[in-house]
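Just so we're on the same page: letters track the sequence lines, and every chain starts at 1. No experiment lies behind these values; they were computed from the predicted model shown.
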Amino acid sequence: MSTEAPLKATPTTQKQLERVTIRFAGDSGDGMQLTGTQFTKNAAAFGNDISTFPDYPAEIRAPAGSLPGVSGFQLSFSSTDIHTPGDAPDVLVAMNPAALKANLGELPAGGALIVNEDAFTPGNLQKVGYASNPLGDGSLKQWNLFSVPVSTLNSRALEGLGLTNKQVDLTKNFFALGLMFWLYERDMAATVSWIDDKFKKRPEIAEGNKRALKAGYNFGETTEIFHERYVVPPAKLRPGHYRNITGNEATALGMVAASQLAERPIFYGSYPITPASDILHQLAGYKNFGVKTFQAEDEIAAVGAAIGASYGGAMGLTASSGPGIALKTEAMGLAVMVELPLVVIDVQRAGPSTGMPTKTEQGDLLQVLFGRNGESPLVVLAPATPAECFTFAIEAWRIALKYMTPVVYMSDAFLANGAEPWRIPNLADLSSIAVPNRTAREGFYPYLRDETTLARPWALPGTPGLEHRIGGLEKADVMGNVSYDPDNHHRMTLLRQAKIDGIAADIPPLEVHGPAEGDLLVLGWGSTYGAIRSAVKRLQDRGASIAHAHLRYLNPLPENVGDVLKAYKRVLIPELNLGQLRMLIRARYLIDAIGYNRVRGKPFRIAELEAEAVRVLATLGVTIA
Amino acid sequence: MSTEAPLKATPTTQKQLERVTIRFAGDSGDGMQLTGTQFTKNAAAFGNDISTFPDYPAEIRAPAGSLPGVSGFQLSFSSTDIHTPGDAPDVLVAMNPAALKANLGELPAGGALIVNEDAFTPGNLQKVGYASNPLGDGSLKQWNLFSVPVSTLNSRALEGLGLTNKQVDLTKNFFALGLMFWLYERDMAATVSWIDDKFKKRPEIAEGNKRALKAGYNFGETTEIFHERYVVPPAKLRPGHYRNITGNEATALGMVAASQLAERPIFYGSYPITPASDILHQLAGYKNFGVKTFQAEDEIAAVGAAIGASYGGAMGLTASSGPGIALKTEAMGLAVMVELPLVVIDVQRAGPSTGMPTKTEQGDLLQVLFGRNGESPLVVLAPATPAECFTFAIEAWRIALKYMTPVVYMSDAFLANGAEPWRIPNLADLSSIAVPNRTAREGFYPYLRDETTLARPWALPGTPGLEHRIGGLEKADVMGNVSYDPDNHHRMTLLRQAKIDGIAADIPPLEVHGPAEGDLLVLGWGSTYGAIRSAVKRLQDRGASIAHAHLRYLNPLPENVGDVLKAYKRVLIPELNLGQLRMLIRARYLIDAIGYNRVRGKPFRIAELEAEAVRVLATLGVTIA
Amino acid sequence: MTDTITGADNGAGNGAAATLPELPVLTRKDFVSDQEVRWCPGCGDYSILAQTQKVMPDFGYPKENIVFISGIGCSGRLPYYMNTYGFHTIHGRAPAIATGLKAARPDLMVWVITGDGDALSIGGNHLIHSLRRNVDVRIIMFNNRIYGLTKGQASPTSELGKITKSSPYGTVDFPISPLAIALAAEATFIARSVDTFTEHMQATLNAAGNHHGSTFVEVLQNCNIFNDGAHREFTDREVREDRTVVLEHGKPMIFGKDRNKGIRLAGHQPEVVTIGENGITEADILVHDETDPLIAFMLAHIYWPEFPVPVGVLRRVSRPTHHQMLVDQLAQATATRGAGDLTKLLNSGETWKVE
Amino acid sequence: MTDTITGADNGAGNGAAATLPELPVLTRKDFVSDQEVRWCPGCGDYSILAQTQKVMPDFGYPKENIVFISGIGCSGRLPYYMNTYGFHTIHGRAPAIATGLKAARPDLMVWVITGDGDALSIGGNHLIHSLRRNVDVRIIMFNNRIYGLTKGQASPTSELGKITKSSPYGTVDFPISPLAIALAAEATFIARSVDTFTEHMQATLNAAGNHHGSTFVEVLQNCNIFNDGAHREFTDREVREDRTVVLEHGKPMIFGKDRNKGIRLAGHQPEVVTIGENGITEADILVHDETDPLIAFMLAHIYWPEFPVPVGVLRRVSRPTHHQMLVDQLAQATATRGAGDLTKLLNSGETWKVE
Ligand SMILES: Cc1ncc(C[n+]2csc(CCOP(=O)(O)OP(=O)(O)O)c2C)c(N)n1
Ligand SMILES: Cc1ncc(C[n+]2csc(CCOP(=O)(O)OP(=O)(O)O)c2C)c(N)n1
Ligand code: SF4
Ligand code: SF4
Ligand SMILES: [Mg+2]
Ligand SMILES: [Mg+2]
């Protein structure tokens with residue numbers, strides 16, 4: 001099409017859809033994360049169910065127009081309950097040739113492709129190795145291409161505002177956003193007021209962004225290249241107050257909530273690392289909640305300081321990602337030995353070593369379970385959705401405090417950065433998790449255990465008459481003095497193990513989505529919940545005898561796991577690793593669980609899990625329509 | 001008895017024994033380790049098979065006479081093949097009340113008890129809580145007590161030498177040694193010349209020690225309290241040159257041998273930690289073998305420097321114990337990613353955390369296998385005896401160099417400090433393990449793999465034309481550039497795993513001692529070899545259908561393990577942990593392997609394993625005579 | 001705001017204990033724990049323990065408000081012997097653990113006990129960072145110039161070329177000055193004493209205990225088993241007055257049995273001079289100034305035999321402490337934003353209602 | 001003795017490369033790798049890279065004998081862009097890895113590239129210990145006073161009170177002077193330059209490359225994304241002459257557009273004076289001495305706005321290097337005990353024969 005925008009509106013038809021997945025892609029500097037987030041907020045506020053997946057490069061600002069510099073944001077919004085950001089986009093918005101090249105492979109044939117044709121300059125094309133311009137050479141025939149001169153149109157719209165070329169260019173993402181708002185019949189008011197608020201000190205920038213937004217909208221309205229508009233009606237969500245939330249946000253909020261429910265302050269010791277840093281950024285802002293944050297010199301100091309704080313009676317918390325967790329292991333062993341409450345968050349990313357720091361993976365399960373010297377049992381939890389990150393922050397603390405134990409809380413890059421609507425809980429519905437400090441002198445021994453929980457008493461420095469010494473050397477049972485007695489060591493090792501194992505009686509049983517027995521159980525943990533749930537649902541709809549169970553408690557395992565597993569002919573365990581949970585399950589229950597394992601730095605697609613389940617069912621002689 | 005030594009010799013009878021186990025116990029300052037070592041050398045040189053177990057306190061010099069200050073050395077010497085230092089002593093030499101109290105519990109009724117009665121002063125008795133003197137109150141009736149005024153006799157023997165009281169007191173261990181030499185009819189010449197050599201600059205001390213030694217011997221000769229002397233004839237060992245060797249010594253020597261066989265220098269980066277430090281001490285003396293040692297600022301720097309040295313083409317080696325290994329895990333992950341040869345020695349000790357630093361345990365198996373972020377496979381080996389520590393040092397390097405991979409070499413405190421006679425290998429019998437450096441430019445890519453081994457080329461800095469960059473970020477297959485490509489990451493993760501798995505084809509199959517099928521297989525790994533071997537042997541002699549197999553390769557496992565295990569009705573896995581190998585075996589082979597697990601900081605006793613095996617056999621309805 | 005914890009059920013607040021009513025008068029014996037002391041006979045650690053127990057009553061803290069945190073090493077056992085709260089942690093990390101404790105519990109008086117290996121080798125980085133942050137913790141480093149507990153390897157303060165178990169051909173690692181490191185790390189209190197200088201050590205520990213902020217005290221300590229006599233040449237009774245110089249703020253650096261030797265600056269370089277010789281008078285002698293970093297640097301680097309060894313307080317300055325700044329930020333945030341309202345927080349950002 | 005490795009099949013020895021015959025003449029372009037540079041447009045790292053590539057030919061090493069080792073951070077990417085050997089390691093550990101490499105391979109010229117977070121936060125201890133050991137490695141630290149790669153948290157050189165992502169209420173951590181740390185760590189070469197002072201940086205890198213021993217260079221670098229203008233106040237073209245002082249050994253510390261300002265010692269304290277005012281002449285100005293630790297200490301602590309910022313070589317002294325002492329010990333051991341005979345070693349101690 002020409003760079004002249006047609007001036008007259010053409011009537012378009014309207015179509016109702018159940019679900020739409022859009023991927024915005026552009027240069028890191030193009031503001032794609034912002035565009036995606038704005039659309040997400042809009043869809044959420046409109047009442048759609050949503051799920052998002054931001055995917056940005058490791059480079060801060062890779063060279064403009066380069067492949068490594070491509071930043072993407074995928075969101076799925078729906079009139080029904082959804083659990084993933086969508087396997088593949090229905091619409092790809094590509095702001096430059098690099099974004100096109102990097103993402104086209106995932107756009108199904110027939111998918112809509114909206115590109116900023118102005119960015120397809122010979123220079124940009126060459127940067128990513130396009131010999132000819134794909135917009136003109138017919139190579140995009142299998143897609144539904146909409147080639148829009150976004151930059152030209154946008155700068156025209158902003159003429160006379162006195163902005164520099166660079167400033168104008170930075171607004172073009174709002175043009176794209178406006179166009180998408182038009183396409184999906186969305187109201188822009190919230191975005192407009194967000195812009196006003198965000199740039200309240202620079203009104204000319206605010207004006208530029210608003211004009212860009214409206215220009216995009218109007219472009220849709222006035223051109224005839226789009227013949228249809230789409231409506232995705234609101235979903236039937238459970239009544240309540242909602243907000244949109246990422247896993248990292250929910251984790252941070254959950255920690256603050258836990259602090260209030262435990263009536264103790266959080267001390268957060270941390271060292272920045274992708275993708276965990278945002279938890280630090282967020283908690284650092286909660287000082288009026290009594291949260292103390294400490295950016296340590298390294299991960300060891302971070303966990304050390306958290307242990308020190310717990311020793312003092314605070315809720316010592318630390319977070320990192322795989323390489324940083326590796327550094328914390330020695331100190332985590334100390335926490336196991338001195339039996340202090342501690343929560344360690346592991347926001348997993350693709351490894352080994354530095355790996356792919358911005359990409360997701362479930363590669364640290366065995367590390368957190370076993371990556372310490374000696375027999376060093378602790379609790380491992382894994383929320384399954386961004387919203388659960390809130391609940392499980394409280395659950396982690398409930399267990400840590402009640403049982404005087406370190407708890408590892410497993411998240412991952414996908415969970416951390418992905419967003420979904422969150423029904424904001426009512427505080428009154430949350431139970432207290434407070435535990436008392438030991439103050440009575442009589443009968444006090446540092447390692448005298450509670451009969452039920454096997455927890456030792458928490459006697460804080462400052463408590464008169466309870467002066468005592470703890471440390472990393474083996475402790476005499478009850479008395480707590482240093483002991484080299486062989487039988488004592490054996491007993492204490494078993495006691496530490498028994499304390500953790502006993503927690504199984506204090507956690508909910510594993511739930512099953514689907515028939516209580518049948519052909520196939522798909523067992524997952526962590527952020528793969530949505531993809532597994534959706535795949536299993538589809539197969540249930542297709543008539544398969546299949547169920548889904550998702551472990552939130554990895555250590556100890558719920559008591560009913562063995563019974564659940566044994567009720568199915570096959571057990572399939574999909575993981576974003578080479579089979580870590582599978583190993584645990586096989587060892588414990590001697591069940592020939594099958595793995596589906598991909599480490600691509602990306603969440604599972606529903607379709608691949610569906611296909612794999614069909615394959616496994618076929619080994620039982622079951623064919624699915 | 002009175003403090004007057006009788007002056008006339010009394011004829012004694014002589015008795016021949018197959019095996020004797022002596023435990024020397026005294027204050028840390030009493031020189032018990034030295035006494036034990038001297039007796040061991042004597043027995044070894046005499047031709048007995050021997051096995052030793054030093055057991056010393058964590059304190060450098062705990063307060064004289066206190067329980068924590070007790071230092072022990074147990075040795076077993078025999079005219080037949082033995083594998084352990086004995087379950088319990090036949091003779092306990094206790095130099096003071098603390099030594100008596102700490103060790104008496106392990107002396108079987110009827111065992112010989114030789115005590116230094118001079119040390120049983122009210123003060124010393126009170127220090128360890130003896131209300132009355134056990135030498136006089138009849139409480140030792142069930143043992144064969146020989147109460148000797150060692151200090152008195154000894155100082156009398158040294159009179160006129162001009163030594164201070166303290167110097168005299170320090171020689172009394174030689175009195176005890178002399179007495180034992182007499183009791184077992186041993187020649188003292190080697191010890192005499194050892195003394196002469198050791199104190200050649202202080203002849204009066206040499207003289208004092210020699211007099212003490214002879215006084216002890218003569219005391220046996222001239223008193224009538226011992227009515228029998230014992231002879232343990234030489235064992236029928238395989239012909240050859242022998243020396244006595246501990247695991248740590250054999251490890252250090254093996255590393256030097258590996259260096260010669262690989263024709264590359266060893267670079268040893270280490271940070272002191274019990275019980276691994278002696279490897280550093282020993283390697284630091286081998287400078288004329290081209291061994292460079294580096295006492296780093298911490299364990300991370302130690303492994304880092306070793307990786308740097310390997311990058312430069314040397315054999316980068318590091319060692320630690322559990323807490324230090326925990327610190328090395330992040331860097332070990334780097335070595336996995338950059339695929340450089342590296343050997344990491346883990347001399348395990350009782351954990352978790354600081355635990356019991358001088359005591360043995362097998363608690364780190366899962367840590368070394370899984371204690372890294374992401375999917376990070378490497379090779380794990382575990383020698384079973386002090387002598388094998390030599391062979392497996394070479395084997396570790398063979399694999400590390402051939403496959404360009406980190407290898408973890410598992411030892412433990414018992415293996416490290418225990419000694420046995422070692423048939424010194426003939427160098428000509430050892431094969432070269434040399435590998436070439438990559439020098440050819442043509443077709444060079446940093447991650448182009450050898451088709452058989454899947455090893456990448458080792459292109460050293462300094463090689464013209466092969467300039468390239470490596471690092472901890474995911475690498476593009478073949479090319480080796482940084483890659484965030486999802487499929488590449490999956491492929492590389494599988495390739496790293498396949499490389500390690502493939503080594504299974506290049507290691508010997510698991511051997512079985514005993515019938516190739518039957519009721520019970522006892523499967524072990526590491527330093528428990530001797531106890532398991534002996535227990536199984538006893539039961540075989542008692543007619544049980546039982547076999548023993550011992551894993552030296554923990555990752556990958558030998559290819560025949562599954563077949564071996566399936567040939568027995570039951571598999572029992574004794575470990576000095578809570579079941580770490582057992583978990584791996586169950587997960588891999590879905591076999592309901594049973595564990596026998598003790599964490600007492602001590603090696604297994606033969607008898608307990610024998611009893612456990614009998615118990616397991618009983619579950620099969622088999623009773624053993 | 002959920003930020004106040006004390007050991008007591010309903011704690012008396014989190015300021016210095018001095019504000020608590022009616023303290024019982026404590027004596028040295030109150031600070032002796034029931035644990036048997038297990039250092040080698042003759043070890044310098046005994047004296048350090050004794051002096052530490054002796055000065056404890058001076059600070060006006062009830063003993064339950066005092067915490068000793070140690071790393072690993074022979075020195076690391078000290079907390080077991082103090083009848084206070086104690087935490088024997090892991091190698092090198094005590095300063096980090098103490099940082100968290102003090103941040104969480106400003107009401108406690110926190111001491112860190114460490115060795116030359118624990119503090120300067122594996123723990124060097126935590127030491128530096130706790131000092132620069134002015135964490136209000138008193139770090140006492142026992143410097144025996146050797147690894148004691150692991151039986152005699154070289155430490156970062158061992159002399160170049162020293163023969164130890166790990167260096168049979170002599171070390172090749174140039175030692176560092178602990179005081180210079182503390183200074184570069186911006187510690188606000190830096191001092192040195194000697195295990196056998198009992199009174200001086202008490203005075204030094206006393207000064208350390210009364211400082212608010214990052215406090216680093218090096219105690220030269222004899223390990224009679226693995227490095228006997230490491231400091232003997234200038235600490236032996238007969239020579240100590242001639243071979244050490246006792247620093248006192250505002251006083252000239254005069255030393256010697258006859259009090260006639262001193263340190264003077266020639267240009268900006270220190271030199272030892274004799275008062276009364278070559279026309280030198282007391283007025284020429286450099287006056288110690290605990291706030292002058294250049295003097296501290298100079299003192300951190302002079303050593304026997306070229307110079308007398310300085311003992312006493314090298315540096316003492318005042319700067320806001322880490323925990324105070326944290327607490328102030330919390331107070332400020334609460335003042336400006338109100339005490340945290342969780343319901344409001346959860347409902348912040350863009351929310352919507354589903355009916 | 002199995003202790004010589006070189007990259008070549010039959011290596012030309014392990015001395016400095018200068019002894020190799022007939023070196024091809026290299027130019028900057030030879031040091032440019034085929035990898036696309038991926039820093040943010042406008043980042044100061046580009047200039048550091050360019051100057052580094054420019055000076056590389058000066059040292060007479062063939063490019064295959066040069067190795068760049070880095071930690072993690074934006075700075076850590078530099079090795080990818082150098083057409084030499086390169087190793088992008090893990091966060092903070094590059095000095096340790098370089099120590100092992102240099103010990104194993106004395107023939108290589110080793111550079112370490114690090115950032116203020118990598119070197120001074122997580123890696124502080126390795127930095128100190130590699131410096132004190134005089135490891136012959138050139139450490140170039142890019143100081144942008146922020147964590148770049150992780151998107152803008154405070155670093156140990158961030159100003160107190162700085163508002164960053166991790167400190168929305170301002171940091172409570174007092175910053176440290178990298179140069180003071182290097183000095184306390186006994187580095188034998190300490191210098192500072194600025195990303196935009198291209199010629200000065202070349203001269204500094206050149207001096208660093210020609211030093212033998214532990215070499216620490218701080219390069220003030222602009223992170224235009226997360227800490228834009230951190231050094232602008234004294235490095236901008238218009239003001240730099242008045243607000244920095246270029247150090248030259250043996251020359252007075254004169255600075256200013258009009259070359260009429262200088263640093264003088266008043267007593268032992270530095271002050272800025274104007275030549276020609278109050279009777280001050282050039283002779284009053286402190287003469288830089290690269291071997292004087294007190295001067296280095298003073299220079300490590302003065303900073304804008306109180307003082308002009310010193311750039312150039314603060315300290316350069318000579319001490320045996322770590323690898324040389326190691327190599328010498330090997331040679332000495334071989335000389336005194338003979339080249340290692342493994343058969344003899346295995347058969348040492350007490351042995352016996354079983355027939
Ligand atoms: C992670 C770890 N590494 C190593 C050790 C072993 N270790 C214990 S104490 C010590 C050094 C002690 O030296 P120093 O701090 O000088 O204390 P000293 O015993 O001399 O008082 C070492 C290396 C350990 N316990 N933990
Ligand atoms: C063990 C570990 N902890 C944390 C990180 C995350 N991380 C990467 S770079 C960095 C800081 C970088 O700051 P700096 O060294 O100043 O480099 P710059 O990016 O500013 O050049 C951090 C915290 C990591 N990669 N590894
Ligand atoms: S080894 Fe040295 S420092 Fe440790 S207790 Fe003994 S004398 Fe003291
Ligand atoms: S984030 Fe800063 S330091 Fe990193 S590349 Fe960008 S501008 Fe440079
Ligand atoms: Mg020490
Ligand atoms: Mg930086």
Top contributor to chain B interface from [options] [non-hydrogen pairs under 4.5 Å]:
| options | answer |
| --- | --- |
| E474(A), M337(A), M356(A) | M356(A) |
| R372(A), E361(A), R349(A), K359(A) | R372(A) |
| Q580(A), R588(A), R582(A) | Q580(A) |
| S376(A), G363(A), P352(A), G371(A) | P352(A) |
| G471(A), G322(A), P486(A) | P486(A) |

> Can you tell if the side chain of L473(B) reaches within under 4.5 Å of the side chain of P357(A), non-hydrogen atoms only?
Replying inline: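 A side-chain contact under 4.5 Å exists here.
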Just how far is it from atom [atom1] of [X] to atom [atom2] of [Y], taken to the nearest 0.5 Å?
| X | Y | atom1 | atom2 | value |
| --- | --- | --- | --- | --- |
| Q367(A) | E375(B) | CD | CD | 11.5 Å |
| T354(A) | L334(B) | OG1 | CG | 7.0 Å |
| N373(B) | D346(A) | CG | CG | 8.5 Å |
| H489(B) | K602(A) | NE2 | NZ | 12.5 Å |
| S353(A) | M332(B) | OG | CE | 12.5 Å |

> Hey, mind stepping through L327(A) and L327(B) against side-chain contact (heavy atoms from CB on, under 4.5 Å) and telling me if it holds?
Replying inline: CA-CA 6 Å; L327(A) 289 168; L327(B) 289 169; 5.8 Å; no
>> Evaluate L584(B) against M583(A) for side-chain contact (heavy atoms from CB on, under 4.5 Å), listing each step before the verdict.
In response: CA-CA 8 Å; L584(B) 300 174; M583(A) 189 188 81; 4.2 Å; yes
>> Please enumerate all residues that pass ring-ring contact (aromatic ring centres under 6.0 Å, His included) together with Y484(B), with sequence neighbours excluded.
In response: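 For Y484(B), no residue satisfies ring-ring contact (aromatic ring centres under 6.0 Å, His included) once neighbours in sequence are set aside.
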> Checking side-chain contact (heavy atoms from CB on, under 4.5 Å) for the pair L494(B)/L578(A): CA distance, chi angles, key distance, verdict?
Replying inline: CA-CA 8 Å; L494(B) 294 181; L578(A) 296 190; 3.8 Å; yes
At a 4.5 Å cut-off on heavy atoms, which part of [X] comes close to chain A: side chain, backbone, both, or neither?
| X | value |
| --- | --- |
| N488(B) | neither |
| L365(B) | neither |
| I585(B) | neither |

> Does any N or O in the side chain of E330(B) come within less than 3.5 Å of the main-chain N or O of A326(A), such that one atom is a donor and the other an acceptor?
Replying inline: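 Such a contact is absent between E330(B) side chain and A326(A) backbone.
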> So Y589(B) and R586(A), side-chain contact (heavy atoms from CB on, under 4.5 Å) or not? Walk me through it.
Replying inline: CA-CA 9 Å; Y589(B) 304 106; R586(A) 289 172 61 95; over 6 Å; no
>> Quick check on S483(A) against chain B: is it the side chain, the backbone, both or neither that has a heavy atom closer than 4.5 Å?
In response: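 Answer is backbone: N, CA, C or O of S483(A) sit under 4.5 Å from chain B.
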> Can you say whether Q497(A) sits under 4.5 Å from chain B via the side chain, the backbone, both, or neither, judging by heavy atoms?
Replying inline: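 Only the side chain of Q497(A) comes within 4.5 Å of chain B.
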> Can you name the closest pair of heavy atoms from I591(A) and L590(B) and give their distance?
Replying inline: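 Closest heavy-atom pair between I591(A) and L590(B): O-CD2, 3.7 Å.
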> Is there any salt bridge (Lys or Arg N to Asp or Glu O under 4.0 Å) pair reaching into residues 479-494 of chain B, and which pairs are they, with sequence neighbours excluded?
Replying inline: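 Applying salt bridge (Lys or Arg N to Asp or Glu O under 4.0 Å) to every pair that reaches into residues 479-494 of chain B, excluding sequence neighbours, yields R600(A)-D487(B), D477(B)-R491(B).
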